[in-house]
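Comments concern the structure below.
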Amino acid sequence: MREKKKGYLSGREIREIARANAVEMKRLEAYKNRKCDESEFLTRMRSEENILEIDDLHTFFFTEQGVVKAVNGVSFDVPKNATVGIVGESGCGKSVTSMSVMRLLQGPQGQIYSGEIRFRSHEVRTDAKGRPIPRAGGAEGEYETVDKVYDIAKMPIREIHRIRGKQIAMIFQEPMTSLNPVFTIGEQLDEVTFIHDPKASKEQAKAKSMEMLNLVGIAMPERVYKSFPHELSGGMRQRVMIAMALAADPRLIIADEPTTALDVTIQAQILDLLRDLKDKIDGSILLITHDLGIIAEMADYVVVMYAGRVIEKGTVSDIFHNPLHPYTIGLQKSKPTLNSDSDTLFNIPGNVPNPINMPNYCYFRERCDKCVGKCAGDYPDMIRVSPTHYVACHLYDEEIKHD
């Protein structure tokens with residue numbers, strides 16, 4: 001009998017994987033599409049200072065080769081009126097984390113397997129018949145509001161409209177693929193208003209769209225309103241995407257690599273715009289990027305991810321002035337600087353491990369130059385080294401662990 005090649009699956013193994021995947025996908029799809037009362041996904045925040053809390057999130061992709069644990073036990077908070085940056089190599093789980101928050105995973109293969117995503121939503125108070133209650137002494141169209149905390153991971157997909165695009169908005173990485181080429185900018189901006197306010201008139205929708213175009217600093221909003229996406233530059237398209245994200249007055253903006261496709265000058269303008277908008281809308285930003293320079297400039301808190309896990313998190317000062325995890329140190333060393341004495345760019349040796357059937361020990365072990373005997377044991381717990389600084393590394397096992 002021929003010896004089986006290492007890394008290859010037999011026909012029997014492929015069929016077993018397919019059967020197991022089918023069972024799990026059917027279960028998770030049924031849960032996602034269930035009908036339930038609001039009480040099933042209402043919850044409470046751990047801290048009143050946070051607008052978003054991600055707790056032990058697992059997001060999996062069921063493939064023919066096995067289960068890809070793209071997000072594998074991620075936990076972090078987004079405080080009110082703060083910018084939280086997520087940084088890491090390509091494929092570390094940054095974008096999948098954001099897609100999980102927005103519930104934009106491509107099913108049935110992509111599923112939130114377990115964990116909690118708690119979000120503080122600002123809702124209009126309604127009476128027993130579902131009609132909004134006018135605010136006492138307020139102007140026409142002003143209603144009483146109430147804060148509700150939803151566990152997004154437990155929300156049926158038909159209920160996600162309560163927050164997606166309205167309370168949480170997303171700025172995608174490439175605006176040309178996010179804008180529809182056959183509709184004008186105005187039609188696409190107006191659609192946001194119509195979706196979240198079905199009673200709005202065409203004039204009201206256009207007025208809101210023009211207001212947003214002015215807000216993001218577009219000099220000739222009337223011309224841009226009538227233009228098609230291909231008639232605009234990359235920077236203008238990205239501003240349009242930001243205007244679209246802001247049209248429903250969100251409390252949280254998720255910016256997924258918002259400046260990757262732009263040149264340095266336009267990149268600086270977009271970052272300045274995001275910084276100003278955060279203060280104007282009195283909201284928070286979850287900024288996803290692989291550029292440490294952007295994180296250092298924009299973020300208040302930093303989350304460092306590797307192979308689907310958070311390996312270090314803290315304030316921007318903690319991460320940049322006192323990096324602890326060997327991976328975080330390697331990321332900072334790999335950034336080119338003007339005062340470097342070397343004519344070669346540092347790179348972290350080795351490759352990210354295969355996301356299928358990940359080992360139980362530290363995922364960075366094979367690439368780490370500070371590996372010790374403990375690294376062959378169980379995956380390290382998240383350890384608190386200061387009130388704001390946490391790291392998952394056996395080098396700091398003597399520190400006080402986070403309870």
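Being a predicted model, the structure only gives us computed values, none of them experimental.
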Is any side-chain heavy atom of [X] closer than 4.5 Å to a side-chain heavy atom of [Y]?
{"X": "P326", "Y": "L395", "result": "yes"}
{"X": "H389", "Y": "E312", "result": "yes"}
{"X": "P380", "Y": "I311", "result": "no"}
{"X": "E187", "Y": "E191", "result": "no"}
{"X": "Q65", "Y": "I17", "result": "no"}
{"X": "M298", "Y": "T289", "result": "no"}
{"X": "I160", "Y": "M155", "result": "yes"}
{"X": "P250", "Y": "I168", "result": "no"}

- Task: For K166 and H161, run side-chain contact (heavy atoms from CB on, under 4.5 Å): C-alpha distance rounded to whole Å, both residues' side-chain angles, the deciding distance at 0.1 Å, then the answer.
- Result: CA-CA 8 Å; K166 187 176 183 181; H161 69 274; over 6 Å; no
What are the two closest heavy atoms between [X] and [Y], and how far apart are they?
{"X": "I288", "Y": "S98", "answer": "CD1-CB, 3.3 Å"}
{"X": "N351", "Y": "Y306", "answer": "O-OH, 4.1 Å"}
{"X": "R120", "Y": "K80", "answer": "NE-CE, 3.7 Å"}
{"X": "A248", "Y": "G165", "answer": "CB-O, 3.3 Å"}
{"X": "N180", "Y": "P229", "answer": "O-CG, 3.5 Å"}
{"X": "I152", "Y": "R103", "answer": "O-NH1, 2.6 Å"}

Answer yes if the side chains of [X] and [Y] hold a donor-acceptor pair under 3.5 Å, and no otherwise.
{"X": "T43", "Y": "D151", "result": "no"}
{"X": "N72", "Y": "Y379", "result": "no"}
{"X": "S39", "Y": "D37", "result": "yes"}
{"X": "T193", "Y": "D190", "result": "no"}

- Message: Test side-chain contact (heavy atoms from CB on, under 4.5 Å) on I242 and I270; report intermediate values, then the result.
- Response: CA-CA 9 Å; I242 295 172; I270 295 298; 4.0 Å; yes
- Task: State yes or no: are the ring centers of F119 and Y150 separated by less than 6.0 Å?
- Result: no
Does [atom1] in [X] sit with more than 12 non-hydrogen atoms of other residues, nucleotides or ligands closer than 6.0 Å?
{"X": "E159", "atom1": "CD", "answer": "yes"}
{"X": "K202", "atom1": "NZ", "answer": "yes"}
{"X": "Q204", "atom1": "CD", "answer": "yes"}
{"X": "F194", "atom1": "CZ", "answer": "yes"}
{"X": "Y301", "atom1": "OH", "answer": "no"}

Determine whether a donor-acceptor pair (N or O, by modelled atom type, separation under 3.5 Å) exists between the side chain of [X] and the backbone of [Y].
{"X": "Y327", "Y": "V304", "answer": "no"}
{"X": "R239", "Y": "L213", "answer": "no"}
{"X": "K208", "Y": "V192", "answer": "no"}
{"X": "S334", "Y": "N347", "answer": "no"}
{"X": "R251", "Y": "Q167", "answer": "no"}
{"X": "H394", "Y": "D378", "answer": "yes"}
{"X": "K94", "Y": "G88", "answer": "yes"}
{"X": "D318", "Y": "T315", "answer": "yes"}

- Is there a side-chain contact (heavy atoms from CB on, under 4.5 Å) between K69 and H58 once you walk through the steps? CA-CA 7 Å; K69 298 181 179 180; H58 294 77; over 6 Å; no
Spacing of [atom1] belonging to [X] relative to [atom2] belonging to [Y], to within rounding of 0.5 Å:
{"X": "R237", "Y": "S178", "atom1": "CZ", "atom2": "OG", "result": "10.5 Å"}
{"X": "E297", "Y": "L292", "atom1": "CD", "atom2": "CG", "result": "13.0 Å"}
{"X": "I253", "Y": "S284", "atom1": "CD1", "atom2": "OG", "result": "9.5 Å"}
{"X": "I171", "Y": "Q238", "atom1": "CD1", "atom2": "CD", "result": "6.5 Å"}
{"X": "F364", "Y": "T328", "atom1": "CZ", "atom2": "OG1", "result": "8.5 Å"}
{"X": "M244", "Y": "M241", "atom1": "CE", "atom2": "CE", "result": "6.0 Å"}

Do the numbers put [X] on top of the ring of [Y], so that NZ or CZ is under 6.0 Å from the six-membered ring centre and no more than 45° off the axis?
{"X": "R27", "Y": "Y113", "answer": "yes"}
{"X": "R34", "Y": "Y31", "answer": "yes"}
{"X": "K154", "Y": "F41", "answer": "no"}

- Kindly assign one of parallel, tilted or perpendicular to the pair H230 and F228, based on the angle between their ring planes and the thresholds 30° and 60°. parallel
- Query: Does the pair E24 and Q111 meet the rule for a side-chain contact (heavy atoms from CB on, under 4.5 Å), with working shown?
  - Reply: CA-CA 10 Å; E24 282 299 296; Q111 300 284 349; over 6 Å; no
Are [X] and [Y] close enough for a salt bridge, meaning some N to O gap below 4.0 Å?
{"X": "R367", "Y": "E89", "answer": "yes"}
{"X": "D77", "Y": "R46", "answer": "yes"}
{"X": "K206", "Y": "E203", "answer": "no"}

